[in-house]
Number of protein chains: 2
Amino acid sequence: MLISQKCQYGLRAIFELARRGGSEPVSVAEIARVQAIPPRFLEIILGQLKQAGYVVSRRGAQGGYLLARDPADIAVGEIIQAIQGAIGPVHCLVESAGPECPLFGDCVFLPMWERARTAISGVFDDTTFADLVERAKQKERDPAASSAAWGI
Amino acid sequence: MLISQKCQYGLRAIFELARRGGSEPVSVAEIARVQAIPPRFLEIILGQLKQAGYVVSRRGAQGGYLLARDPADIAVGEIIQAIQGAIGPVHCLVESAGPECPLFGDCVFLPMWERARTAISGVFDDTTFADLVERAKQKERDPAASSAAWGI
DNA sequence: TACTATTCCGACTGGAGCAGTTGGGTATTG
DNA sequence: CAATACCCAACTGCTCCAGTCGGAATAGTA
């Protein structure tokens, strides 16, 4: 499943919150500025993320958003799930119990789709925001190198 | 990237051609009937697959389509590529050299997207249509079991 | 030759989802 | 009370998907 722009904004927002210690709230405007996200659109996204329990908000002056959990305890896959629903290469896999393929409950491709989904969610569920912050700080210190350990 | 309906039709069509030996051409109408695909839509798909060199056509009565290669030599990933273009979890990865993220050439998420793409295309490129036909025949003989060897 | 089966081609359409925008309303701080 | 911020819902423009439609070209069959 293609990761939507909206979803990427959400990931960047969570990343931004994770990067700051979490001592004081960060406003939508501030996150939007730093991460180059349309501010009003970000409002919607953070609202969704709040309802899903990943951030908490503080209203009024000096308000903003705070991470509700330890960055090491938030996987990228969770945020994707919260914003754009379950991931998977095909529809009949993500909307389980739907009408699926009209006659192929025994679809030849199903095992392959299943393996693809496992592979992709493995990547997303194994990456936490603590990892990403760590990686960003590492890169700050040493702009070169630092990619070997990430397998790319 | 989500595998479109069109693409799944294409895969089913190639599978159907692979399942029959390839001795004589199969018409669009026949494939459409057996695989439950809208016939006129399948025309378009097979046209695309023909142009990409995966099938050859024979016009006129008794005409139809034939596989252009050995099923063992056609990977699922190739067909997906031919029908809906390069796969990948995010846009900035599939349309390389595009404007990408506005300011993040050093996007923190890029290595993860890259790993996701590798994981998913690994699955699709390692599955050939000979594998799928084999699996289908195996299931025909023994409807139960036969899934253990496929890792699901 | 006439008929029929079949591929081939381009244009068209209805619907859905994405990427935001707009206009307000409500709580909190100073 | 005014400024700062979150909160909520509706609305819009756009693109892509999934398919349809009409007809033209081609090849085998009677």
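In what follows, chains carry the letters A, B, and so on, assigned in the order in which the sequence lines appear, proteins first and then strands, with residues in each chain numbered from 1.
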Evaluation steps, side chain to side chain contact (heavy atoms under 4.5 Å, CB included), between B/S57 and B/L46 = CA-CA 9 Å; B/S57 64; B/L46 282 170; over 6 Å; no
Within less than 4.0 Å of OP1 or OP2 of D/dC7, is there a side-chain N or O belonging to A/K50?
-> yes
Under the side chain to side chain contact (heavy atoms under 4.5 Å, CB included) criterion, do B/R12 and B/V34 qualify, and how do the steps go?
-> CA-CA 10 Å; B/R12 297 225 292 264; B/V34 177; over 6 Å; no
Is the backbone N or O of A/I87 less than 3.5 Å from a side-chain atom of A/Q81, with the two atoms forming a donor-acceptor pair by type?
-> no
Atom CD of A/Q48 to atom C1' of D/dC8: distance rounded to whole Å?
-> 13 Å
Has the side chain of A/D131 got a donor or acceptor atom that lies under 3.5 Å from a matching backbone atom of A/T128?
-> yes
Nucleic acid contacts - residues 20-31 of chain A versus DNA chain C, non-hydrogen atoms under 4.0 Å | none
Integer-rounded Å distance: D/dC16 P and B/I3 CD1 = 17 Å
Spell out, as yes or no, whether a donor-acceptor pair under 3.5 Å connects the side chain of B/E16 to the backbone of B/Q35.
-> no
Check DNA chain D against residues 64-71 of chain B and give the residues with a non-hydrogen atom under 4.0 Å, in numerical order.
-> none
Please report the closest heavy-atom contact between A/A136 and A/F15, naming both atoms and the distance.
-> CB-CZ, 3.8 Å
Does A/E30 come within less than 4.0 Å of A/R20, counting only side-chain N to carboxylate O?
-> yes
Would you say the side chain of A/E43 and the base of D/dC7 hold a donor-acceptor pair, judged only by whether the two atoms sit under 3.5 Å apart?
-> yes
If you round to the nearest 0.5 Å, how far is OH of A/Y65 from CD1 of A/I14?
-> 10.5 Å
Gap between atoms CD and P, on A/Q51 and D/dC7 respectively (whole Å) = 10 Å
Could you state the CZ-P distance from B/F41 to D/dC21, rounded to the nearest angstrom?
-> 14 Å
Select base, sugar-phosphate, or nothing to describe what B/L46 touches, counting heavy atoms under 4.0 Å on all strands.
-> nothing
What residues form a side chain to side chain contact (heavy atoms under 4.5 Å, CB included) with B/A29, not counting sequence neighbours?
-> B/S27
Test side chain to side chain contact (heavy atoms under 4.5 Å, CB included) on B/R40 and B/V28 and set out the steps.
-> CA-CA 8 Å; B/R40 304 298 302 266; B/V28 167; over 6 Å; no
5'-most to 3'-most nt of DNA chain C touching chain B (<4.0 Å, heavy-atom partner on protein side) reads C/dA5 to C/dC9
Heavy-atom count around B/R58 CZ within 6.0 Å, excluding the residue itself: above 12?
-> no
Can you list, by residue number, the residues of residues 54-62 of chain B that have a non-hydrogen atom closer than 4.0 angstrom to DNA chain C?
-> B/S57, B/R58, B/R59, B/G60, B/A61
A/E43 with A/K50: basic N within carboxylate O range, under 4.0 Å | no
Checking side chain to side chain contact (heavy atoms under 4.5 Å, CB included) against A/L17, which of A/V26, A/L66, A/I74 comes through?
-> A/V26
Got a sec? Which of residues 78-85 of chain A come in under 4.0 Å of DNA chain C, heavy atoms?
-> none
Salt-bridge present (A/K137, A/E140; N to O < 4.0 Å) = no
Where do A/C92 and A/L110 land on the side chain to side chain contact (heavy atoms under 4.5 Å, CB included) test, with the steps shown first?
-> CA-CA 9 Å; A/C92 65; A/L110 218 61; 4.1 Å; yes
Examine the side chains of A/E78 and A/Y54 and answer whether a donor and an acceptor come within less than 3.5 Å of each other.
-> yes
Separation of atom CD1 in B/I44 from atom P in D/dA18, rounded to whole Å = 12 Å
